[in-house]
Amino acid sequence: PSNWTEIVNQLPLQGVTKSLALHCHMQSFTDPRIELVLDPKHAPLLNPTQQQRLQQALALHFKKPIELSIHLATVSAETPARANARILEE
């Protein structure tokens with residue numbers, strides 16, 4: 001599963017946790033570790049509670065424990081939020 005947009009769209013997320021996931025880019029997925037990158041302008045979305053909720057949703061999705069790390073860095077790749085915006089524009 002390398003398409004973060006597809007994964008996010010399948011997760012039962014709401015509110016801030018959903019926003020956090022939508023604005024992240026999957027840097028790597030080395031089972032069971034998922035590394036995400038979040039643009040610093042979206043840093044207010046990131047806190048331990050939201051990261052834990054996202055990690056729990058991923059664990060349920062993959063039916064196994066997942067190690068999730070989220071780093072702040074400039075994201076040049078397309079995030080699910082950008083993908084959704086692009087699709088709406090087309």
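Just so we're clear, the structure is a prediction, and the values are computed from it rather than from any experiment. We count residues from 1, following the sequence as given.
- At a threshold of 4.5 Å between non-hydrogen side-chain atoms, the residues Leu58 and Ile7 count as touching.
- Residues Trp4 and Leu22 have side chains not in contact (no heavy-atom distance under 4.5 Å, counting atoms from C-beta outward).
- The list of side-chain hydrogen bond (donor to acceptor under 3.5 Å, both in side chains) pairs with a residue in residues 35-46, not counting sequence neighbours, reads His23-His42, Arg33-Glu35.
- The shortest distance between side-chain heavy atoms of Ser69 and Leu36 does not fall below 4.5 Å.
- Considering all non-hydrogen atoms of both residues, Leu11 and Ala57 come closest at CD2-O, 3.6 Å.
- Judged as a side chain to side chain donor-acceptor pair (under 3.5 Å), and not counting sequence neighbours, the contacts of Glu78 are Arg86.
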What do the steps show when you test Leu45 against Gln50 for side chain to side chain contact (heavy atoms under 4.5 Å, CB included), and what is the final call?
CA-CA 8 Å; Leu45 298 171; Gln50 300 310 326; over 6 Å; no
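- Side-chain atoms of Leu20 and Ile70, non-hydrogen and from C-beta on, do get closer than 4.5 Å to each other.
- Residues Pro40 and Thr74 approach most closely at CD-N, 3.9 Å, considering heavy atoms.
- Transitive grouping of hydrophobic side chains (ILVMFWY, heavy atoms separated by less than 4.5 Å) keeps Leu68 and Val37 in distinct clusters.
- How far OG1 of Thr30 is from CD of Gln27: 10.0 Å, rounded to the nearest 0.5 Å.
- Within a 6.0 Å sphere centred on CD of Gln52, other residues, nucleotides and ligands contribute 12 heavy atoms or fewer.
- Between the OG1 atom in Thr5 and the CZ atom in Arg82 there is a gap of 11.0 Å [rounded to 0.5 Å].
- Between Ile34 and Glu67, every side-chain heavy-atom pair lies at or beyond the 4.5 Å cut-off.
- In plain terms, the two heavy atoms of Pro80 and Ala21 that are nearest each other are CG-O, 4.1 Å.
- Between Leu38 and Val75, the closest side-chain pair of non-hydrogen atoms is not below 4.5 Å.
- Put simply, NZ on Lys18 and CG on Leu54 are 11.0 Å apart, with the number rounded to the nearest 0.5 Å.
- Transitive grouping of hydrophobic side chains (ILVMFWY, heavy atoms separated by less than 4.5 Å) keeps Leu60 and Phe29 in distinct clusters.
- Nearest heavy atoms, Asn3 versus Met26: N-CE, 4.5 Å.
- Contact of the Leu46 side chain with the Gln51 side chain is registered, since non-hydrogen atoms from C-beta on lie closer than 4.5 Å.
- Residues Pro65 and Ala59 share a closest heavy-atom pair of CA-CB, 4.4 Å.
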